[in-house]
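Have a look at the structure below, then the notes.
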Amino acid sequence: MTDHTPTRGYRRIATEEAWCPPELFRLFRKELEEKTIDEPGFHSLYGFFASEAPRAKALASRIQSLGEERIADMDRSGIDMQILALTAPGVQLFDPIEGSALAVRFNDELAEGVARHPDRFAGLAAFSPLDPGPAARELERGVTKLGLKGGILNGHVNGTYLDDPQYWEVFEAAEALDVPIYLHPNCLPKDMVQPFLKRGLDAAVYGFACDTGLHALRLVVAGLFDHFPKLQIILGHCGEALPYWLYRISYMHGHISKTGRYPDVAPLKREAKDYLRENFLYTNSGVADPDPINYIRKVIGPERMMYAMDYPWQFEPQEIALLEDGLGLDAAGMAAFFEGNAARVFKL
Ligand code: MN
């Protein structure tokens with residue numbers, strides 16, 4: 001179903017596509033062997049995906065490709081362009097200083113891969129979120145020197161969320177550079193993962209959405225967007241279900257924030273749902289289902305909902321045709337969802 005000359009009238013840009021440099025994959029494998037980091041969620045996920053199981057080996061090969069194998073898969077599934085980001089936990093598994101050094105190397109490597117195929121790839125800059133000054137400077141370098149299109153925040157860092165103002169320099173930089181930050185899931189932190197692990201619900205099946213939705217809401221209620229009102233955060237997986245909760249989150253937070261019950265919770269300038277509508281963009285990564293996509297187009301806005309596949313974690317080449325058939329959008333709606341919104345947001 002390769003379709004490069006879009007008789008369909010739009011390019012398909014997939015906006016949450018994972019890449020793992022071979023050096024990072026080796027570092028993940030080293031951690032699996034040496035077990036120096038107490039993160040059961042990481043050990044559960046990569047204990048499988050760095051193993052010799054057939055599904056794991058296929059993923060390991062695809063996710064490390066920045067060339068022919070990846071492009072062949074894109075052609076097979078009719079994807080014209082991928083927005084690439086360092087796969088979770090990326091540099092955030094390591095101590096913050098080491099993470100900053102790794103981010104520089106991986107961003108250089110990503111930019112080189114994009115430069116070899118500029119019509120097929122664009123990329124987001126990694127940074128080490130708990131090393132705030134260098135994180136902000138690396139985002140700026142990635143955007144202004146390497147041509148990357150925004151930042152990738154791979155969730156919490158060993159249980160630390162970015163709602164603490166001491167880590168906001170990178171958000172300040174993103175707003176000043178007018179680029180989005182993609183808030184992608186990470187494996188659940190160790191003090192959250194146990195109730196999910198026993199039944200295998202810790203990762204993409206459900207746990208990721210719980211933790212990433214929590215992270216997004218922590219950013220909202222901490223007042224991040226009152227400080228940086230133009231900042232734009234991207235959520236995948238149909239917004240980790242937050243668009244479904246607009247009413248109740250706004251209603252309850254509106255009351256809770258006035259009671260003084262929680263010392264770190266204060267009223268915001270706008271309602272919680274306003275931030276979710278005005279400071280967040282959404283993709284359908286991993287959710288090839290027309291109904292939640294159209295729901296977000298309705299309750300958030302058609303200009304804020306973008307296509308993503310979540311390659312290679314969820315690579316089902318037939319999904320895209322089924323999705324297109326089911327969406328029921330007119331030509332302008334299809335063009336916005338698959339191409340136009342991403343072209344605007346990432347300045348392609
Ligand atoms: Mn993903």
Side-chain angles (χ1 to χ4, degrees), residues 12-21 24-25 28 41-42 44-46 48-50 55-56 58-66 70 73-74 77 79 81-93 106 110 113 121-127 129 148-157 180-189 196 201-216 233-242 280-289 292-293 296 305-317 319-320 323 342 345-346:
R12 296 192 190 101
I13 302 173
T15 56
E16 189 205 294
E17 314 309 308
W19 170 63
C20 188
L24 183 59
F25 209 81
F28 286 170
F42 171 82
S44 169
L45 185 71
Y46 282 96
F48 177 75
F49 279 106
R55 177 163 150 76
L59 176 114
S61 176
R62 289 191 163 113
I63 204 166
Q64 294 181 74
S65 171
L66 256 186
R70 182 178 293 265
D73 283 344
M74 290 165 67
S77 49
I79 299 300
M81 185 173 221
Q82 286 190 343
I83 310 292
L84 297 161
L86 204 61
T87 203
V91 304
Q92 297 173 207
L93 188 66
F106 298 153
L110 178 56
F121 300 145
L124 302 179
F127 51 85
L148 300 174
K149 303 300 183 183
I152 176 70
L153 171 58
N154 275 309
H156 70 90
V157 187
I181 301 280
Y182 206 119
L183 174 53
H184 188 279
N186 195 353
C187 306
L188 300 195
F196 292 82
L201 294 169
D202 52 301
V205 56
Y206 186 63
F208 286 176
C210 297
D211 182 57
T212 312
L214 171 68
H215 199 156
I233 304 286
I234 306 174
L235 288 174
H237 319 102
C238 284
E240 317 296 0
L242 293 181
F280 286 83
L281 298 145
Y282 298 84
T283 83
N284 74 310
S285 52
V287 185
D289 182 349
I293 294 168
I296 292 175
M305 186 60 187
M306 300 182 282
Y307 173 70
M309 180 180 278
D310 213 355
Y311 175 93
W313 291 101
Q314 192 165 333
F315 180 45
E316 301 291 344
E319 274 185 354
I320 193 156
L323 176 62
V345 167
F346 297 108

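Every number for a ligand or one of its atoms is a count from 1 in the order of the listing. As the structure is a computational prediction, the values presented were derived from the model and not from experiment.
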Return a table of donor-acceptor pairs under 3.5 angstrom between the side chains of residues 205-214 and protein atoms on other chains or two or more places apart.
| unit_1 | atom_1 | unit_2 | atom_2 | d |
| --- | --- | --- | --- | --- |
| D211 | OD1 | Y161 | OH | 2.5 |
| T212 | OG1 | F208 | O | 2.7 |

Worksheet item: With sequence neighbours left out, which residue pairs that include part of residues 81-93 fulfil the side-chain hydrogen bond (donor to acceptor under 3.5 Å, both in side chains) condition?
Response: R70-Q82, T87-W313

Fill in: Least distance between heavy atoms, D202 atom then S44 atom
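Smallest interatomic distance, heavy atoms only, reads OD2-OG, 3.4 Å.
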
Worksheet entry | F28 and F42 aromatic centres sub-6.0 Å | yes

Practice prompt. Give every protein N, O or S atom lying under 2.8 Å from the Mn ion (ligand 1), naming each by residue and atom.
Written response: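 N, O, S partners closer than 2.8 Å: E16 OE2, H184 NE2, D310 OD1.
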
Worksheet item: Residues two or more places apart in sequence or in another chain: which of them pass side chain to side chain contact (heavy atoms under 4.5 Å, CB included) with A125?
Response: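 Result, side chain to side chain contact (heavy atoms under 4.5 Å, CB included) vs A125: N107, L139, L148.
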
Discussion item. Testing the 3.5 Å rule here: is there a donor-acceptor pair between the side chains of N284 and Y307?
Written reply: no

